[in-house]
Amino acid sequence: MTEAYDPKQIEPKWHARWQQARLFRTQDDPSKPKCYVLAFFPYPSGDGLSVGHCRNYIPCDALARLMRMRGYNVLHPMGWDAFGLPAENEAINKGSHPKHTVPRYVANYKRQMNLIGLSYDWEREINSSQPDYYKWTQWWFLQLYKRGLAYRANAPVNWCPRCRTVLANEEVEGGKCWRCETLVEKRDMPQWFFKITAYADRLLHDLDELDWPEGIKQMQRHWIGRSEGVEFEMAIQGRPDLKFRVFTTRIDTVFGMTFAVLAPEHPLVDAITTPEQRAAVEAYRERARRLDEATRLSAERERTGVFTGAYAINPVNDEPVPIYIADYVLMTYGTGAIMAVPAHDERDYDFARKHGLPIRVVISPDGSVPDPDATPECYTGDGVMVNSGAFSGLPNREGMQRLGEWFEARGLGERKVNYRLRDWLISRQRYWGAPIPIVHCPACGEVPVPENQLPVLLPDVEAYQPSGTGESPLANIPEFVNTTCPQCGQVARRETDTMGGFACSSWYFLRFCDPHNDKEPFAQDKVRYWMPVDYYVGGAEHAVMHLLYARFWTKVGYDAGFVPVKEPFYRLRNQGMVLALTPYRPPREDETLREGEVGILVRRDQLEQMREQEKAQLFWQWEKMSKSRYNVVTPDEIVKRYSADTLRLYELFVAPFDTAIEWKEEGVKGMHRFLGRVWRLMREVRPCFVRDWRPILNESCQTPECPLDEPARKMRQRTHASLKKIAADIPDFKFNTAVAALMEWFNHMEDYWRGVNQQPCCADAMAVVSEAVECFILALSPFAPHIADELWEAYGFEGFTLQQPYPQYDESLARADEFEMVVQVNGKLRDRIVVPADISREAMEQLALQSPRVQAHLGGKPPRKVIVVPGKLVNIVV
RNA sequence: GCCCAGGUGGCGGAACGGUAGACGCGGGGGACUUAAAAUCCUCUGGGGCAACCCGUGCGGGUUCGAAUCCCGCCCUGGGCACCA
């Protein structure tokens, strides 16, 4: 062993050995319990990995390594979400082609992942942009198509003018594109959809069984947005040929309807608008069409709208109410039309006040009939129905029931469940994706490509940039477009849209179970063995995108019989963000700050050239680590300055797994110091290491009164208790307390060693040290595998720590044989007494009462009550 | 506005309703060194000479006992936001 800890020597050596031994290869082994540990499918970015990304990969790796040592057959794969907007946009920005950039970036990711010692089975690596993968993505499309779950329809869709493609609802965040933050526009285009709404109820209900962060489950529930209500029909005054339907969750307020509203795009608008109102209605519709999302979403949400001139008949009292159009009613939800009850709905209330419409109270909080002359407030809570004909006097909840029945009995409407969730728009007008395997034939119409003709290869072209015409660049490639109909053999055109990247990531976790199968997407026995994923780990930003889509595909596969589970991810955990200090400077005279900006971002190179005086003006903000903010710290630089094991230990220790952290280098130094101490102690102990410590300790402890002295017993207790705690904390994602336990154990070992080292070497003590040291090296291995393997070898052991079983701990040894009994008087701490672990309640009470310090606080008064908590404390109440 | 998390030393954070502050960072003092770095020892919530007292965002409550449970506020972070 070298005198000092030398990671530059150790780490590359073990990387090579691990690779040579194919140490991380996973094979199916039905005799062992399985554990599937999976990190979110990353897209390989040109910026490479930062220490922020490692916040996910390192804990997963520690978990995977521990589970292997604990006898599980662990699947811990890695692959590349290489198709889709992120990869393609990046290639465009760099003036390159994704077919060139993707392999380069992948190579760099792999290099970095190996550098920090991640134990991926690279023999299972998959890349979603390769034909051997996307062939099966296309196969999935056909399975959905076959079941009527993939369809093409003309619909108003979200168009990103910058990315020049349509986007799914889930990809629009606050009216902006998730990739480039450009405001999206509404366009009417024929597009491909997956019918995820058919699974809305199951996607909602099955959430209950999942061990996921509550916040993510809530976000999915909200996104699905189930609501129960009544849909009913309204006639139009003087137009017996026309009628429209409305949906409401508050049918109990129907007597309060004083107007009705249609969405501006509602198909009935043209027919009902009176000649006098036509000009105003047309102008409003035109405005609504043109209005961008930003204005529609702006904080000052003005309640605009115009009167159509027509009147609808309220079916409960035959009263005519004016019909308006207004953009606060969305064509895409419910029926695109509402009954408006200003007294009990905030939006209707605002609109009524603005347009001078009557407000009729029909729900009273306390049952009193309100003064008809007073200007009513808007009340949305529960209460008693008033002004509601035969229903007056009923509690509104009961009224809802009765009115539902009333509508159904008369055939005027029915109770209905509505969802906020819309079908998943999957087609993209972009090059870098899996082509949709459909042929358009003039005679047969839409024809799916037969499975045996897959894959539909993405043509290899240089000019792949999006056209912006609403057509994919593939439309300009005649060799691709022109084909024959698989059904009738006539000349036909291929579908030229590609699938969005989220299609690829909706099933990759299944492919990892059988990654090189060229006969089918995955063999049944393999997915039955490995699925579901036991630990799925990644950022919270995919709450309603990937995590919803993957659940949907899994359920489709389950129904079709080729996926063995209803839910793909049994357990989900989100890592915390990594923030870094980001420098800003005040704006110069010719510069202005945009809204929300605190200053001008300073680049790395600019920062280095700054003079002290300028630097003093900088202000630093904690922001998410990202290349665009010039605040990235790479694992490469940390490994170079310290070591991969240091980085691993630091990221595990610094905070709870799901907490955001502020990246500071001081803490890293502390971890490096710890590894240095470990190295030095191990080097000191090595000459005295007794390989046969087991029989020695067994013999010593067989006699009833264990002859080990007190420090030795305590050392053993610490060893066994630590092994237990570490093994329990890691699967619980309490990595920080696991590392703390490791350190405490080590501190204790150091003290013990120092104590016995003064004495002549006694066999028992050396056996106790040897046990501690051997177990420690193995327990260290999931966290810091390089140094662990190096020590393992230095101590003369064969093989790799990863192949060793995690040390067995003995429950009885892990228990302390004495404890510090706390004595309280009236709940306040007054004394501590060390007592044997098996002390009786009576003895505890006695000892407590005898304590002189307790006596002083009792002041001669007799105790009124004594509470004894075995193993803990005695509380004396006076 | 609504829905989630979360407020504990100088800092990151520990604490099945039972010793608040484990572990680490930073800081003070000391040893080694010509010196520095590294390393090691030691102290480190506040107040008080002490016995003790005060301390987990704020105000109440439950309890023998509350950082932990309940009620009402105040902040911070994240998510959603015309969904009838």
Side-chain angles (χ1 to χ4, degrees), chain A residues 4 173-175 213-219 221-223 225-227 229 231 246-251 253 261 263 296-297 299 301-303 326-330 332-341 344-348 350-351 418-422 540-541 543-544 574 576-577 579 649-650 653-656 658-662 664-671 673-674 676-677 680 734 736-747 750 754 819-832 853 856-857 863-869 871-878:
Chain A
E173 296 170 343
E214 204 44 47
I216 301 285
K217 290 209 251 184
Q218 286 294 358
M219 281 159 78
R221 286 191 189 108
H222 177 255
W223 190 261
R226 184 192 148 96
S227 54
E231 190 179 299
V246 297
F247 174 74
T248 179
T249 54
R250 289 298 303 272
I251 195 66
T253 65
V261 186
R296 285 185 71 156
L297 292 170
R301 231 171 264 143
E302 248 188 290
R303 288 287 170 244
D327 67 3
Y328 81 89
V329 175
L330 308 175
T332 45
Y333 183 79
T335 59
I338 61 159
M339 68 170 202
V341 184
H344 306 293
D345 181 284
E346 300 276 1
R347 295 152 302 183
D348 298 345
D350 292 347
F351 191 86
N418 248 318
Y419 297 93
R420 210 184 82 108
L421 182 72
R422 315 282 154 76
E541 66 274 7
V544 290
N574 299 128
M577 278 194 298
L579 309 175
L649 224 40
Y650 176 67
F653 176 71
V654 66
D658 57 2
T659 305
I661 61 161
E662 296 172 347
K664 289 179 194 143
E665 191 115 349
E666 284 83 8
V668 181
K669 274 184 219 156
M671 289 303 117
R673 202 169 335 189
F674 173 68
R677 280 170 63 205
R680 281 192 300 276
K734 288 150 112 180
N736 58 329
T737 52
V739 176
L742 197 74
M743 290 174 144
E744 276 183 87
W745 179 15
F746 178 80
N747 292 344
E750 231 178 24
R754 241 173 248 149
F819 70 95
E820 202 172 52
M821 177 178 86
V822 166
V823 186
Q824 298 178 328
V825 176
N826 288 336
K828 292 205 173 194
L829 174 74
R830 293 304 173 196
D831 202 2
R832 304 163 210 244
R853 300 170 62 131
H857 279 276
R864 210 164 48 133
K865 194 173 170 187
V866 179
I867 288 130
V868 180
V869 183
K872 288 274 178 194
L873 57 72
V874 176
N875 187 13
I876 299 156
V877 187
V878 290

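No hydrogens, no waters, no symmetry mates; every other heavy atom, side chains included, goes into these values. Lettering of chains follows the sequences in order, A, B, ..., and the numbering in each one begins at 1.
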Measure distances between side-chain N and O atoms of A/Glu662 and base N and O atoms of B/G12, and say whether any donor-acceptor pair falls under 3.5 Å.
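Check fails, no donor-acceptor contact within cut-off.
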Please pick, from B/C64, B/C82, B/A22, the nucleotide with the shortest atom-to-atom distance to any side-chain atom of A/Arg303.
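Among B/C64, B/C82, B/A22, the one nearest the side chain of A/Arg303 is B/C82.
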Given B/C23, B/C64, B/G13, the nucleotide with the shortest approach to the side chain of A/Ala655:
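So the side chain of A/Ala655 is nearest to B/G13.
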Using whole Å, what does the distance between atom [atom2] of nucleotide [N] and atom [atom1] of [X] come to?
X: A/Glu744; N: B/G13; atom1: CD; atom2: C1'; value: 13 Å
X: A/Glu666; N: B/G13; atom1: CD; atom2: P; value: 15 Å
X: A/Ile216; N: B/C3; atom1: CD1; atom2: C1'; value: 13 Å
X: A/Arg420; N: B/C82; atom1: CZ; atom2: P; value: 8 Å
X: A/Met743; N: B/G12; atom1: CE; atom2: P; value: 18 Å
X: A/Leu873; N: B/G17; atom1: CG; atom2: P; value: 14 Å
X: A/Glu665; N: B/G12; atom1: CD; atom2: P; value: 18 Å
X: A/Asn736; N: B/G13; atom1: CG; atom2: C1'; value: 7 Å

Using a heavy-atom cut-off of 4.0 Å across all strands, would you classify A/Glu820 as base, sugar-phosphate, or nothing?
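If one applies the 4.0 Å heavy-atom cut-off, A/Glu820 turns out to touch a base.
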State, without any angle test, whether A/Asn826 and A/Arg864 hold a side-chain donor-acceptor pair at a distance under 3.5 Å.
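Not at all, the side chains of A/Asn826 and A/Arg864 share no donor-acceptor pair under 3.5 Å.
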Could you tell me which nucleotide pairs with [N] by Watson-Crick or G-U wobble geometry, both distances under 3.5 Å, or answer none if nothing does?
N: B/C16; answer: none
N: B/G9; answer: none
N: B/U39; answer: B/A31
N: B/C52; answer: B/G47
N: B/G59; answer: B/C71

Among A/Thr248, A/Asp345, A/Leu330, A/Val261, which residue meets the side-chain contact (heavy atoms from CB on, under 4.5 Å) test with A/Ile338?
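Going through A/Thr248, A/Asp345, A/Leu330, A/Val261 one by one, the side-chain contact (heavy atoms from CB on, under 4.5 Å) with A/Ile338 is satisfied by A/Val261 alone.
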Polar side-chain atom of A/Asp348 near backbone of A/Val341 as donor-acceptor pair, under 3.5 Å:
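It does hold such a pair.
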Kindly say if A/Thr737 contacts the phosphate of B/C23, meaning a side-chain N or O under 4.0 Å from OP1 or OP2.
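For B/C23, neither OP1 nor OP2 has a side-chain N or O of A/Thr737 closer than 4.0 Å.
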Check A/Arg221 with A/Glu214, please: is the shortest side-chain N to carboxylate O separation under 4.0 Å?
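Salt bridge: yes.
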